[in-house]
Amino acid sequence: MTLNCDDARKWIPRDLVGDLGNPEQQWLQAHLQDCPSCCKEQELCADTLQQLASVSDVPVPHHFFVYPDERRSSWLAEVLLASSQGWRVATVAAGLALALLIGLAMSRFRFRAESGVYSFSFGRPLPSYATPLPPSIDVTALKAELKHLLETRSERERLELMNTLRKEFHEANRSLNRKQRHQWDSALATLEARLNDRLEDRSVALKTGVDRSMGNLYQTLQLQRQQDLAMTRNRLDRITAQGQLKDRETEEILSTLLQVAHFQEK
Amino acid sequence: MEQILDSALSKNRSKSLEKNQETAWVLASQRGDTVAFNRLVLKWEKPIYNLCLRMLRDGDEAAEATQEVFLLAFKSIRRFRLESQLSTWLYRIAANYCTSRLRKRPAGVHLSLDGSEEGLQLRQNLQASGSHELDLLQAESDYRIRSAMEFLQPEQRIVVELKFFQNLTFEEIAEILETPVSTVKSRLYHGLESLKVRLERSSKTSRQRN
């Protein structure tokens with residue numbers, strides 16, 4: 001195998017450190033015999049390693065002994081380590097019990113910060129504040145919302161009731177004979193017809209009410225329009241009368257002026 | 001031949017004795033024996049201090065770091081398991097401490113390598129004290145290497161330190177730094193390349209000055 005200079009230069013430090021296998025070593029040696037620049041590189045590397053190897057250790061400025069006082073960062077740990085196994089277990093158990101007690105005490109401790117007022121209590125529930133309602137509440141919107149909720153609820157309940165009735169009828173149908181079932185069916189049909197009639201009556205009444213309301217609204221609008229028209233007409237008449245009056249005054253002034261001019265000519 | 005075998009055996013025996021003694025000191029330290037721990041300090045303070053010195057390049061800071069390393073070791077000796085070597089564990093504490101300290105340093109704080117005040121001062125001091133020429137050269141070489149190492153990234157610097165100054169294997173370094181061996185090698189070769197360039201430049205400057 002022939003080695004190029006780049007690879008040889010990578011292998012030189014590995015060879016000097018003893019990190020190169022036997023065949024690679026041989027290839028490197030073969031390359032170094034023919035390549036003076038790589039030979040120089042090897043010398044430089046060897047020189048660096050020699051310099052590194054020649055560095056001598058300096059003596060310590062003082063001893064670095066450790067004294068027991070330096071180790072006592074935690075007296076509790078020291079005491080624990082010095083004591084026997086039984087004492088250690090007992091201490092740990094006591095510590096855990098204490099932590100549990102503190103935890104329980106903390107869980108009964110109540111704290112509340114509300115509108116700038118801080119309340120503390122231990123074991124008892126905190127007194128409730130009568131919070132004033134905000135000054136502006138839209139009563140109409142609230143009413144409308146409540147009404148809507150009630151309507152939705154009643155509608156839902158009605159549907160649920162109908163479904164329950166249907167289910168019960170269906171269940172009851174199973175245990176009935178043919179005649180009874182016929183009677184049930186007819187009763188149901190009658191009930192349904194009555195319900196439908198009532199619903200129709202209600203819708204008719206609603207429609208009539210809407211028509212009446214629309215008629216009233218129309219009449220009101222008509223009346224208002226007529227009143228507006230009358231007012232406008234009156235105003236126009238007044239303006240016209242004022243105009244006529246002014247015209248007459250102007251004519252009188254003009255005639256007076258004409259008369260004066262006429263006299264002056266004479 | 002027998003002499004060689006005898007010396008090898010006695011070396012092995014003394015190593016084993018040393019290891020047993022160290023294990024005994026560790027066990028005693030784990031029981032809270034401060035004297036035993038201080039024996040370990042006495043054994044390892046020089047390599048740890050030199051590691052800190054080469055990493056941090058400041059005598060006071062290195063001393064402070066060494067003290068901190070032994071204090072940390074003393075505090076956590078109970079967690080040390082004898083499965084690994086004590087040296088590996090100590091080097092890991094020192095490496096982590098120095099690397100984190102280096103990272104906390106503001107960026108761009110380097111001493112100039114070529115013709116720096118510190119280098120000239122060192123040279124003048126040695127000359128004034130009438131030191132031997134060889135000592136002078138050695139001191140200057142040490143200084144140049146320490147300065148060149150300062151330009152390495154903390155991760156590269158610690159690998160170079162552990163490999164060339166503490167003479168550890170790649171596997172041991174990987175265990176200390178808790179990184180793969182391939183990463184350790186890559187950091188070492190990049191660090192070496194950088195050192196080579198710096199040292200070459202420094203040699204040229206030194207020659208010109210002389």
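What you see below is based on every heavy atom in this structure, not just the backbone, and it leaves out hydrogens, waters and symmetry mates. What you see is a predicted model, and the numbers here were worked out from it, not measured in a lab.
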Under a 4.5 Å cut-off applied to non-hydrogen side-chain atoms, are B:Asn38 and A:Phe64 in contact?
no
Going from CG on B:Leu192 to CG on A:Leu16, what distance comes out if it is rounded to the nearest 0.5 angstrom?
9.0 Å
Does B:Glu193 reach the side chain of A:Pro13, with side-chain heavy atoms less than 4.5 Å apart?
no
For A:Gln25, look at atom CD and say whether over 12 heavy atoms of other residues, nucleotides or ligands are found less than 6.0 Å away.
yes
Which donor-acceptor pairs under 3.5 Å do side chains of residues 31-39 of chain A form with protein atoms, sequence neighbours excluded?
{"residue": "A:His31", "atom": "ND1", "partner": "A:Leu3", "partner atom": "O", "Å": "2.9"}
{"residue": "A:Ser37", "atom": "OG", "partner": "A:Arg9", "partner atom": "NH2", "Å": "3.1"}

Can you name the nearest heavy-atom pair linking A:Val66 to B:Gln67, along with the distance?
CG2-NE2, 4.2 Å
A:Val17 vs B:Tyr189, test: side chain to side chain contact (heavy atoms under 4.5 Å, CB included). Steps then yes/no.
CA-CA 10 Å; A:Val17 171; B:Tyr189 297 133; 4.3 Å; yes
Check: B:Val41 and A:His63 side chains under 4.5 Å, non-hydrogen atoms:
no
Between A:Val58 and B:Tyr49, is there a side-chain heavy-atom distance shorter than 4.5 Å?
yes
Restricting to non-hydrogen atoms, name the atom on A:Cys45 and the atom on B:Lys196 that form the minimum distance, rounded to 0.1 Å.
SG-CD, 3.8 Å
Might you point out which heavy atoms bring A:His62 and B:Glu45 nearest each other, and give the distance in Å?
O-OE1, 4.2 Å
Chain A interface, residue from B:Asn50, B:Val69, B:Leu53 that has the most non-hydrogen pairs under 4.5 Å:
B:Asn50
State whether A:Asp19 and B:Lys185 are salt-bridged, where the test is any N-O pair (Lys NZ or Arg NE/NH1/NH2 against Asp/Glu carboxylate O) under 4.0 Å.
yes
Value rounded to 0.5 Å, distance of CG in A:Leu52 from NZ in B:Lys163
12.0 Å
What I'd like to find out is whether the side chain of B:Arg146 reaches to under 4.5 Å of the side chain of A:Val55, using heavy atoms alone.
yes
Taking the side chain as every heavy atom from C-beta outward, state whether B:Thr34 and A:Tyr67 have any atom pair closer than 4.5 Å.
no
If you measure from CD on B:Glu200 to CG on A:Leu44, what distance do you get to the nearest 0.5 Å?
4.5 Å
Which value, rounded to the nearest 0.5 Å, describes the distance between A:Ser54 atom OG and B:Phe164 atom CZ?
12.5 Å
A:Phe65 side chain near B:Leu42 side chain, heavy-atom distance below 4.5 Å:
yes
